[in-house]
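In what follows, chains carry the letters A, B, and so on, assigned in the order in which the sequence lines appear, proteins first and then strands, with residues in each chain numbered from 1. Note that the structure is a prediction, hence the values are computed from the model and not measured.
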Amino acid sequence: VNDGMLPLMAYDWGGDRGALAGIDQRIAEAQGDKKQLKEIEKDFLEVLQSDAKLPAKEYVCRQLAFIGTGRSVPVLAKMLYDEDLSDGARFALEGIPGSSVDKALRAALEKLDGDRRVGIVNSLGERGDRKAIPALSKMQNGPDKELSAAVETSLRKIAAHTEHGPAGHGRGDR
Amino acid sequence: MESKSGKHKTGGVISRRTFIGRAAAVAGAFSAPAIIPASALGADGHTAPSNRITVGQIGLGRMGVGHLRHLAHHASVEILALCEVDRTRLDDGKMALEGLYAKKIENGTYRGCDYYNDYREMLARDDIDAVMIVTPDHWHTPQSIHAVESGKDIYCEKPVSMTVDEGRQLVDAVQRNGRVFQNGSQYRTNPAIRRACDFIRKGGLGTIKSVFTLWGSLGGMLGAERFGPYAASLNATVTGRSMTTLDFALPGEPVPEGLDWDLWVGPALSRPYNPAYHFNPSRIVVPWSFCEDFGVGPSTWYHSHSMEVLQYALGYEESGPVELIHPSSKEFPTLTYRYANGVLIHLVEGWGQVKELYGAVPEDARLDGNFGGVVVGERGWLTTMSDNAGITGGPEELMAEYNSPAHDVDLGGKDHHANWLECIKTREKPHSHEEIGHRAAALGHLTMIAYKLGRSLKWDPVREVFPEDEQSNRLLRRAKRAPWHT
């Protein structure tokens, strides 16, 4: 792992948040610089694939929601199946543009259950993924009321995105 | 730019159920008397129970108990349910309510209250008309949306959202379900503040040149004694300089007995319990607000209040600026909003900066208080704050005009709660309806983004996007922990 990521490798519950200020700064200064952002993303993916602790990996996920690209998707997609990391992975994936994210979420939808499946349903709705409609529709009105409610909301959001554009691309003029 | 307040009605006229039907549906803590006294039927000047607005309240922290006391004094209200994930606070709320309703309990005119840990069970009741939401910030939008989808009208503490997108979803949900929503910005219904805002709106200051309001760093909060045990994790020397909230990872401690910590965390990423998020040492502290998962820092502390008042004064309460100008641009010494008509709102860390950095008011100008700002026009200056010094301004001729009876305001003696309750009956828009609350909160989120990125941003207040700035637009929203959704 890159030396600049060492504070993250040591970060755990009770860890010094101030020690991450340098990474915060590096991200802020890299805006508009694709090469720098690519380097940071690469470093972050190494952290995600290391034995770094949960707060460190969730810090990375928050940042990837902002700077992540398709390069992050395979690593994050695997995390969807991890009970501890699934939510963090969705935090990142929901922010990353591109069809590879939707594809990864749809694949996980079929394989997961419980809260993690509900989370995938929610993320597909937030992203307005029309290709998820057939799979989501099959889950409507099922015995799991929480899942059914999530599916209903998700389908409504997909319909709204279809009409008005996806989240983050103008919702105030409805 | 004209406010829509009071001009539009909200659909979904409140359904009046019969008293008997309601009473039968409620398994309250107090049993109904065998003989119903005249006061219960609306005699003796009392509001008959069937005409009362039945309310459930979510959140019984220090602000929550304050709201409870205020609401219980309204004759048109009957509080039927209290909800809190901390059993100690729920017990305190129960004791407070029984004291507040002691006379009604004694004379048999109170139907009783039920107590809940999970707000969803409370929202499932069809005998509750309206819900008061006084929870940490990260719950405001989810609970509001779930409540309007359950057919309830809402009073929600500010800021109403954690992100711009969440706020827009809230507005959509309130309007889609035809509910009445009041943002808990009580200064908006304060006669002194209203007078100042109306004076400015009517051109009393002439053309507005600049406006000032507060935004401070995290250090203002993290220096508090209560954070002492977690100093190593918080590292206030470094993080205290941050102008945004941060994702702190405080050490885990045992969850207090009776606290449903998982439900407290709700839609935020899971984390171990730490009392710094939850324990509230005094009435005015919002303990969670330094952590980006639970609060919005200065927006929670005062900015969402201030911006609602100031955007109302400027006629932009349902809109927003077109640009956020970061100090790194060197155009202004502090972060500044530019509106479409050219008006500038400068954020300052203390009122002294209005004089020292901008020279915008005379040296002897008295600037004091919070939850508003200083408005400078071609004819003079005026504050929109009622704390400490009250409304101040200058020059003397302007203040003489300002204080004349011609500028009296008549709110009919209505406070913010009363305005909400009246609108529940009339279906009018309250003073601080959902769009206004959203726009005030959204400005706090935009400010956070500009500080996080360290650069200026163009903003489209109609579409609510940063034009041609895909990277920044990603910060307008945030995912939620499963299974929570809005």
Is A:N122 in contact with chain B via its backbone, its side chain, both, or neither, using a 4.5 Å heavy-atom distance?
side chain

Check each atom of A:E94 against the heavy atoms of chain B and say whether the ones under 4.5 Å are side chain, backbone, both or neither.
both

With a 3.5 Å distance limit and no angle check, can you tell me whether A:R17 reaches the backbone of B:A249 through a side-chain donor-acceptor pair?
no

B:K480 versus A:D87: any side-chain heavy-atom pair under 4.5 Å?
no

B:V238 and A:A21: which non-hydrogen atoms are nearest, and at how many Å?
CG1-CB, 3.8 Å

Going from NZ on A:K157 to CD on B:Q169, what distance comes out if it is rounded to the nearest 0.5 angstrom?
3.5 Å

With only heavy atoms counted, which part of B:F248 is less than 4.5 Å from chain A, the side chain, the backbone, both or neither?
both

Quick one: which residues of residues 447-459 of chain B reach chain A at under 4.5 angstrom, heavy atoms only?
B:K452, B:L453, B:R455

If you count heavy-atom pairs under 4.5 Å with chain B, which of A:A28, A:A149, A:P97, A:C61 comes out on top?
A:P97

I'd like to verify something: which residue of B:A232, B:P272, B:G252 has the highest number of heavy-atom pairs under 4.5 Å with chain A?
B:P272

Most chain B-contacting option - heavy-atom pairs closer than 4.5 Å, from A:G114, A:A65, A:G119
A:A65

Give the member of A:A19, A:G88, A:G68 that has the highest number of heavy-atom pairs under 4.5 Å with chain B.
A:G68

Using 4.0 Å as the upper bound for N to carboxylate O, is an ion pair formed by A:E58 and B:R271?
no

Where does A:I96 contact chain B at under 4.5 Å (heavy atoms): side chain, backbone, both or neither?
both

Nearest heavy-atom contact between B:R478 and A:F91 is CG-CE2, 3.8 Å

Heavy-atom proximity to chain B below 4.5 Å, by part of A:D12
backbone

Looking at A:E146, A:E29, A:R117, A:Q25, which one has more heavy-atom pairs under 4.5 Å with chain B than the rest?
A:E146

Heavy-atom pair of closest approach, residues B:S233 and A:G15
OG-O, 3.0 Å

If you count heavy atoms of other groups shown closer than 6.0 angstrom to CD of A:E152, is the number above 12?
no

Tell me, side chain or backbone of A:L147 under 4.5 Å from chain B's heavy atoms, or both, or neither?
neither

Could you look at B:D293 and say if it's the side chain, the backbone, both or neither that has a heavy atom under 4.5 Å from chain A?
side chain

Which atoms of B:T486 approach chain A - backbone, side chain, both or neither, heavy atom under 4.5 Å
both

With rounding to the nearest 0.5 angstrom, report the CG to CG distance, A:D24 to B:L246.
6.5 Å

Looking only at non-hydrogen atoms, find the nearest pair between B:Q471 and A:L37 and report the distance.
OE1-CD1, 4.0 Å

Could you list the residues that satisfy ring pair (Phe, Tyr, Trp, His ring centres under 6.0 Å) with B:W139, not counting sequence neighbours?
B:Y119, B:W484

Test B:H485 against A:V121 for side-chain contact (heavy atoms from CB on, under 4.5 Å), laying out the working first.
CA-CA 10 Å; B:H485 59 86; A:V121 169; over 6 Å; no

Any side-chain heavy atom of B:L269 sitting closer than 4.5 Å to one from A:R62?
yes

Engaged part of A:T153 at the chain B interface, taking heavy atoms whose separation is under 4.5 Å:
side chain

Neighbour count above 12 (heavy atom, 6.0 Å) for A:R130 CZ
no

